[in-house]
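Within every chain, numbering begins at 1; the chains are lettered A, B, ... in the order of the sequence lines, protein sequences first and strands thereafter. All values below were derived from every heavy atom in this structure, side-chain atoms included, with hydrogens, water molecules and symmetry-related copies excluded.
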Amino acid sequence: MTTNLDYLRQLNPSQRSAVEHFCGPLLVVAGAGSGKTRALTYRIIHLIRYHKVDPENILAVTFTNKAAREMKLRIERTFAGEICQEKHEKPFEALKESEQKSLLSQVYRCVTKKLWIGTFHGLCSRILRYDIGKYRDEKGRTWRSNFSIMDESDVQSLLKNIVTKQFNLDEKKFDARSIRYSISNAKNLGLSPDDYLKEHSYPKGRIIAEVYQEYQNQLCANNAVDFDDLILIPVRLFQQNESVLGYWHNQFKHILVDEYQDTNQIQYDLIRLLGTNGETDRTQWDWRNRSIFVVGDADQSIYSFRMADFTILLNFQKDFGDGLPDADTRTMVKLEENYRSRENILEAANKLIENNTQRIDKVLKATRGSGDTIGFKVTRDEQEEAEFVVSKIKEIKRNNPELNWGSFAILYRINSQSRPFEDVLIKSTIPYTIVGGFKFYDRQEIKDAVAYLRVIANPADTVSLLRVINTPRRGIGKTTIENLLKASQELSIPLWEIISDETSVNTIAGRAAKSLNEFSKLLQDLHGKIEELSASEILTEVMESSGYIEELRLQGTEEADNRLENIFELSNAVLQYQEDNEDITLQGFLSSASLASDLDNLKEGEERVSLMTLHSAKGLEFPIVYLVGLEQGLLPHSRSLNDPLSLEEERRLCYVGVTRAQEQLFLTYAKERYVWGNRETKIPSQFLEELPQELLDTGRGKQTTKRSTGSKIVAVKSKSAPNDSKEWEVGDRVLHPTFGEGKITNVFEGGRRISIAVKFDALGNKILDPVIAKLQKLN
DNA sequence: GCTCTGTTTGTTTTT
DNA sequence: CAAACAGAGC
């Protein structure tokens with residue numbers, strides 16, 4: 001019997017060699033629209049169908065939950081199609097509906113269900129539900145499997161409390177936000193509080209290390225972890241426990257990572273540990289029946305603020321691969337044919353990204369006709385910008401009956417730019433969805449409901465307990481709570497243990513004792529039934545019995561009705577979760593809820609105009625794209641203007657936007673816009689100049705993209721720079737201790753900092769800080 | 001113990 | 001121009 005491998009015929013040679021790769025490492029450098037998702041999906045199918053790999057042994061990491069869901073769906077469908085051909089010798093579509101259904105559910109049971117597909121965070125939380133009990137950090141802290149995942153605002157208030165109440169620090173110097181950022185960065189580099197202290201001995205660093213230490217204490221006391229811990233803890237656990245690592249190493253024989261350019265250090269550590277079983281000597285690596293397969297595009301790396309580091313991708317060949325030059329390597333495949341966009345759009349994208357220095361050379365090759373020129377519009381302000389875009393949408397839709405509202409996307413740099421577009425869309429009664437901004441799970445009533453569920457699942461979660469202890473109002477006031485907290489601190493036991501003991505409550509709480517005991521009884525009751533009741537039953541029960549629903553009903557205002565509606569929506573989400581997953585436990589639902597993103601709501605086939613940030617648009621495509629707000633200070637964002645590295649990231653962001661478009665792309669720029677309630681005059685984005693001017697169509701013939709002189713923020717000079725940067729000049733040969741010899745191709749001056757771009761003979765372009773990198777000038 | 005209101009503060013991007 | 005917060009009044 002010849003296995004029917006129909007899917008291979010749909011691939012070009014490079015895609016095919018990626019899909020047919022079996023064991024060992026492979027880097028797939030995949031340009032925008034080059035069919036990388038297809039390569040990834042088909043490779044998984046090929047592993048199972050052709051190489052007979054057990055789906056259980058495949059780990060595929062995607063960037064979003066949505067991407068994971070879609071990949072599963074595609075695998076399921078393709079698989080069903082293949083099996084159908086093989087068994088019945090007819091296409092899947094020819095089956096009766098009932099046969100289709102039963103085939104799909106069979107594929108689900110044998111394949112999709114067993115695959116480990118998800119985001120780093122989702123997959124790691126799954127691993128932790130098995131193994132977190134085996135972890136012990138360097139201070140001896142431990143966690144239990146019913147841990148809570150703290151959301152960003154919980155973390156924020158926890159930290160604020162530590163900074164202001166416990167440490168009495170100056171809030172100006174140590175605001176919770178920047179401390180959170182430091183801690184998160186530390187965790188993404190794999191640093192514990194002690195490690196952090198070692199690396200930062202200066203006074204401020206020492207204090208941050210102390211706050212970090214105390215923050216860990218409190219997470220532990222709440223039996224809670226934050227987002228970063230979801231990845232950090234497995235890595236640490238694997239490092240300290242050989243047998244746990246061995247188990248998961250053995251489980252995951254084939255590891256696939258999508259969007260590899262946006263992984264950070266700790267995620268890399270995780271992949272490396274799983275792939276190599278922690279063996280550092282690469283001659284000892286055993287690739288029999290194993291592989292690491294990563295897909296990415298350095299030009300689309302846009303998450304460095306989250307510590308993503310695309311040099312991890314650039315180093316793949318050195319790390320895992322054979323390190324041979326491009327022409328000879330067997331561990332890298334480049335996908336350069338673009339199946340998405342019209343040639344004009346690609347040309348613009350290619351021209352734009354050429355201005356970046358640090359990249360793997362790669363050109364998107366068009367496979368479709370040239371298409372229209374790129375629309376460009378200068379408007380008076382953001383209001384006119386929105387009106388222009390919406391009227392254009394209407395016009396194009398009218399002239400192209402095959403398009404629906406879902407064919408259009410409006411992309412912007414920051415969420416607050418959506419406002420005027422929403423207004424105009426509403427006025428025109430055009431359906432739209434807005435991705436990002438305020439999430440469903442950020443709504444007050446949803447957070448209340450979820451907090452109830454979290455306390456029931458994990459009574460040690462004092463943060464959630466405090467949120468609901470007096471919601472709805474049951475006469476448990478500030479002083480009562482403070483007394484209870486004091487008691488719990490003195491006895492160093494969780495608040496919950498005080499509250500669940502009637503005698504203690506009666507002693508401490510006084511007037512509030514009665515309602516406190518009722519409250520505690522309700523939660524205790526449900527906590528006891530956690531095994532026997534489903535998540536949705538618990539939700540309904542707690543919302544009714546706590547009086548939460550009743551209070552909203554009594555209010556009768558429009559707002560209260562809205563909240564009731566949302567709670568109803570939440571219970572639908574729970575039911576949906578139970579439908580989609582075998583796991584109907586409360587904890588299962590709670591972790592999926594914590595990790596849910598707004599992007600998950602974006603459904604294909606929904607005929608609505610999409611509004612989202614450029615970050616959210618990654619991985620998506622639309623026939624018609626409006627990339628708006630192309631102004632200095634917005635795109636590129638003002639915070640990147642004096643740092644060449646961030647500026648390159650902004651350019652990549654713009655590149656991501658441009659390459660989302662299939663048929664047509666519009667760019668807009670508003671001369672004035674409200675910033676912080678003030679009108680501000682804006683100058684055009686420098687990226688506009690970098691695009692091929694002949695492709696820009698202003699609709700009137702005359703080009704108006706020239707910027708006023710003197711507005712260049714980043715000076716690129718070769719000679720006679722006014723300050724002492726003349727030490728480094730374009731054309732100089734230099735020697736770097738690790739990168740070797742190279743030639744300076746650019747000198748950037750931004751404020752006090754100087755960066756230079758060097759093309760190394762062996763390693764290609766890199767941007768360096770000459771003060772940090774110990775560069776030597778050669779003559 | 002709870003609500004209202006004036007003041008302050010701050011905006012990139014997100015799993 | 002928000003939202004979030006603190007302090008005063010009920």
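When the P atom of C:dC1 is taken as reference, atom CZ of A:R679 falls 11 Å away, rounded to whole Å. Computed from coordinates, the A:R419 CZ to C:dA2 C1' distance equals 8 Å when rounded to whole Å. Spacing between atom CG of A:N678 and atom P of C:dA2 amounts to 13 Å, rounded to whole angstrom units. In this structure, A:Y181 atom OH and B:dT11 atom P are separated by 13 Å, rounded to whole Å. One can place CD1 of A:I476 at 15 Å from C1' of B:dC2, the figure rounded to the nearest angstrom. Going from atom CD of A:Q156 over to atom P of C:dC5 covers 10 Å, rounded to whole Å. Straight-line distance from the CZ atom of A:F305 to the C1' atom of B:dT11: 14 Å, rounded to whole Å. Counting to the nearest Å, the P atom of B:dG10 and the CZ atom of A:R180 are 19 Å from each other.
The side chain of A:T480 contributes an N or O atom lying less than 4.0 Å from OP1 or OP2 of B:dG1. Distances shown here put every side-chain N or O of A:S416 at or beyond 4.0 Å from the OP1 or OP2 atom of C:dA2. The shortest distance between the side-chain N/O atoms of A:N415 and the OP1/OP2 oxygens of B:dT13 is below 4.0 Å. Between A:R673 and the phosphate of C:dC1, there is no side-chain N or O to OP1/OP2 separation shorter than 4.0 Å. In this structure, A:S616 reaches the B:dT14 phosphate: one of its side-chain N or O atoms is under 4.0 Å from OP1 or OP2. At the phosphate of B:dT15, neither OP1 nor OP2 sits under 4.0 Å from any side-chain N or O atom of A:N264. Within the 4.0 Å cut-off from OP1 or OP2 of B:dT14, at least one side-chain nitrogen or oxygen of A:T613 is found.
When the nucleotides B:dT11, B:dG1, B:dT15 are ranked by their closest atom to the side chain of A:T479, B:dG1 comes out on top.
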*Assess whether salt bridge (charged side-chain N to carboxylate O under 4.0 Å, His left out) is satisfied between A:R306 and A:D228, documenting all intermediate values.*
CA-CA 10 Å; A:R306 218 165 72 185; A:D228 307 312; over 6 Å; no
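The partner of B:dT7, taking Watson-Crick or G-U wobble pairs whose two distances both stay under 3.5 Å, is C:dA4. Pairing for B:dT13 is absent, with no Watson-Crick or G-U wobble pair whose two atom distances lie under 3.5 Å.
Counting any heavy atom pair closer than 4.0 Å across all strands shown, A:F63 reaches sugar-phosphate atoms only and no base atom. Within the 4.0 angstrom heavy-atom criterion, only backbone atoms of the sugar-phosphate kind lie near A:R177; the bases stay farther away.
Note that SG of A:C654 is 5.5 Å distant from CG of A:L627, once rounded to the nearest 0.5 Å.
Residues A:Y303 and A:N470 both approach DNA chain B. Their nearest nucleotides, taken by heavy-atom distance, put A:N470 toward the 5′ side. In this structure, A:E650 and A:R473 both approach DNA chain B, and ranking their closest nucleotides by distance from the 5' end singles out A:R473.
Between A:I149 and A:L590 the shortest side-chain heavy-atom distance does not fall below 4.5 Å. Between A:L516 and A:L484 the shortest side-chain heavy-atom distance falls below 4.5 Å. Contact annotation: the side chain of A:S685 never approaches that of A:E631 to less than 4.5 Å [non-hydrogen atoms, C-beta and beyond].
Comparing the P positions of C:dA6 and B:dT11 gives an interatomic distance of 16 Å, to the nearest angstrom. Between B:dT13 and C:dA4, the two C1' atoms lie 22 Å apart (nearest whole Å).
Side chain of A:N65 to main chain of A:T119: no donor-acceptor pair is present (N/O by atom type, distance under 3.5 Å, no hydrogens or angles).
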